[in-house]
There are 2 protein chains.
Amino acid sequence: MDDTAGRGARAGHEVLAAVLQIRSGRLSVLLWRRARPPFEGAWVLPGGRLGGDEGLGESIRRQLAQKVDVRDLAHLEQLETRGAPDRCPGGRTLATAYLGLVPAHIEPVVPADTAWHPASDLPSMGYDHAAIVHSGRRRLRAKLSYTNIGFALAPPEFTMSELSGYYRAALGHDVAATNLRRVLLRRGQIEETGRSVPSGRSGGRPAALCRFRAPRLEVTDACAVLRPPGAARPDQRPPC
Amino acid sequence: MDDTAGRGARAGHEVLAAVLQIRSGRLSVLLWRRARPPFEGAWVLPGGRLGGDEGLGESIRRQLAQKVDVRDLAHLEQLETRGAPDRCPGGRTLATAYLGLVPAHIEPVVPADTAWHPASDLPSMGYDHAAIVHSGRRRLRAKLSYTNIGFALAPPEFTMSELSGYYRAALGHDVAATNLRRVLLRRGQIEETGRSVPSGRSGGRPAALCRFRAPRLEVTDACAVLRPPGAARPDQRPPC
DNA sequence: ACAAAAGTGTTAGCGGTACACCCATGT
DNA sequence: ACATGGGTGTACCGCTAACACTTTTGT
């Protein structure tokens with residue numbers, strides 16, 4: 001396309017994404033193996049040059065769809081922009097990083113030179129991309145606590161023990177399914193579908209199927225501290 | 001200064017800042033009045049072109065010091081990068097926005113074409129800069145609840161009623177000084193200096209002077225929800 | 001009958017707001 | 001003495017973790 005490479009100081013702007021998914025009970029990130037220097041053989045985040053007249057989010061969506069066949073992002077948000085003069089050998093490059101989330105039930109068809117890696121055990125990575133993955137993981141962990149972002153990790157319907165497994169993988173610690181259920185129900189994040197899953201060979205009560213109520217990010221529990229006066233009483237609290 | 005307007009498609013990267021300060025009990029933002037089209041006469045955020053080999057944060061620091069004589073930022077953090085193709089008439093421009101905070105006791109010497117405006121009552125602003133100011137205010141409000149970011153609003157020493165005034169201005173609602181004291185003390189954000197301020201003409205007990213303990217941003221109350229198991233007991237909780 | 005997994009009830013504790021009450025100073 | 005503003009003590013309440021207990025299934 002308009003790959004105006006080889007220019008001096010003003011190389012183009014890059015857009016990258018840390019695409020996360022819970023795979024086999026581990027929080028994993030989609031990486032791409034560089035075939036050429038710099039950082040030949042190292043793993044990097046998918047992405048590339050920003051096109052001439054596309055927005056930033058638009059661009060990373062396009063590139064993920066084209067290059068790694070990831071079309072089913074349940075959530076995408078901007079993380080940060082990095083532009084240290086020395087972050088790129090051979091001329092400074094600005095890069096805007098995004099966090100993308102793929103629900104656990106989807107299996108994107110990725111090219112041979114890309115692979116999923118556990119976010120807690122990253123391979124040797126090029127540029128400053130490992131730091132970006134950590135930013136994404138921190139962001140996800142934080143938002144699991146005060147937003148409904150779980151909708152972007154879970155399939156459309158799930159049992160509570162499955163969901164607690166996703167939370168455990170993302171947060172890095174155990175989450176009791178029994179309490180998670182109540183917390184998310186009271187916050188209005190999830191609801192029961194009415195259906196249930198037959199119990200396995202070893203018996204046990206069949207699990208109820210739940211779903212998230214909203215398909216977009218919502219803040220359900222804006223931090224518990226420094227509330228406006230009167231917020232305790234349920235009667236008519238100010239909207240914001 | 002180096003306002004290279006009227007260039008074609010590939011303009012350079014811009015760095016902007018929403019510089020906030022509590023002034024006369026109101027959260028205010030430093031704006032700059034454009035003298036030339038586009039957006040002639042409208043107010044915009046200070047900032048400008050990113051220099052050839054400077055980092056993003058470095059660049060906004062330099063430009064704030066050079067152009068508006070703001071050298072005493074107690075805190076600076078990246079907000080977001082905007083790059084919608086139509087955000088700039090006459091060619092797309094990417095802009096990375098920062099949030100800067102100036103403590104209340106400082107009076108920067110700003111040029112004639114810049115002025116402080118209440119963040120809750122913005123004038124007519126150019127580009128998408130009003131949205132950036134709102135992002136900055138949202139970020140500040142959120143971080144007041146779970147970090148020690150108050151250190152960047154308050155002077156080195158302050159009474160609790162002064163501090164509650166800063167919190168009220170930034171949060172937009174009353175904050176009881178008596179409870180704020182306990183909350184921030186328990187979190188270890190502030191401490192007493194031992195000194196106190198003589199009471200005014202109308203009498204009253206002299207107020208104790210406090211200070212923030214750390215001069216840098218720290219998360220003191222990572223959201224109260226979804227704690228790891230065992231976090232309640234004070235004995236040896238995991239570091240992160 | 002028994003084991004296993006899901007879901008409910010209940011308790012305890014933390015953290016925050018609200019408010020009455022005490023403290024120190026000026027007039 | 002009294003007014004004024006700062007600081008402490010305390011009650012209350014929401015929220016969550018922990019855990020015992022009940023429910024529903026398979027063997």
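Just so you know, these numbers come straight off a predicted model, no measurement behind them. Below, read A as the first sequence line, B as the second, and so on, with proteins coming before strands; counting in each chain starts at 1.
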What's the [atom1]-[atom2] distance between [X] and [N], to the nearest Å?
X	N	atom1	atom2	result
B/Leu184	D/dG7	CG	P	13 Å
B/Arg195	C/dA24	CZ	P	20 Å
A/Leu185	C/dA6	CG	P	16 Å
A/Arg181	C/dA6	CZ	C1'	8 Å
A/Asp221	D/dC15	CG	C1'	8 Å
A/Phe158	C/dA6	CZ	C1'	15 Å
B/Asn179	D/dA11	CG	C1'	12 Å
B/Arg186	C/dG16	CZ	C1'	8 Å

Output all residues satisfying ring pair (Phe, Tyr, Trp, His ring centres under 6.0 Å) with [X], sequence neighbours left out; order by chain, then residue number.
X	answer
B/Phe151	none
B/Phe212	B/Phe158
A/His117	A/Trp43

(Q) Whether A/Arg182 contacts D/dC15 is assessed here as follows: a side-chain N or O lying under 4.0 Å from the phosphate OP1 or OP2. Is that the case? (A) no

(Q) According to side-chain hydrogen bond (donor to acceptor under 3.5 Å, both in side chains), does anything in residues 188-197 of chain A pair up with another residue at least two apart or in another chain? List the pairs. (A) A/Glu157-A/Arg195, A/Arg181-A/Glu192, A/Gln189-A/Thr220, A/Glu191-A/Arg211, A/Glu191-A/Arg213

Q) Between D/dC19, C/dG15, C/dT17, which nucleotide has the shortest distance from any of its atoms to the side chain of B/Val183? A) C/dT17

Q: Tell me, please, which residues at least two apart from A/Ala131 pass side chain to side chain contact (heavy atoms under 4.5 Å, CB included).
A: A/Arg82

Q. Does any residue of residues 198-208 of chain A have a heavy atom under 4.0 Å from DNA chain C, and if so, which ones, in number order?
A. A/Ser202, A/Gly204, A/Arg205, A/Pro206, A/Ala207, A/Ala208

Q) What residues form a salt bridge (Lys or Arg N to Asp or Glu O under 4.0 Å) with A/Arg168, not counting sequence neighbours? A) A/Asp174

Q: Please figure out whether B/Met160 or A/Leu180 has its closest DNA chain D nucleotide nearer the 5' end.
A: B/Met160

Let me check something: any side-chain donor-acceptor pairs from residues 98-110 of chain A under 3.5 Å, sequence neighbours excluded? List them with distances.
unit_1, atom_1, unit_2, atom_2, d
A/Tyr98, OH, A/Gly57, N, 3.2
A/Tyr98, OH, A/Gln78, NE2, 3.3
A/Glu107, OE1, A/Arg23, NH1, 3.3
A/Glu107, OE1, A/Arg23, NH2, 3.2
A/Glu107, OE2, A/Arg23, NH1, 3.4
A/Glu107, OE2, A/Arg23, NH2, 3.2

Q | Worked verdict on A/Val29 versus A/Leu122 for side chain to side chain contact (heavy atoms under 4.5 Å, CB included) | A | CA-CA 9 Å; A/Val29 59; A/Leu122 294 174; 3.7 Å; yes

Q) Between residues 161-171 of chain A and DNA chain D, which residues have a heavy-atom gap below 4.0 Å? A) none

Q. Do A/Thr147 and A/Glu218 get their side chains close enough for a donor-acceptor pair, meaning under 3.5 Å?
A. no

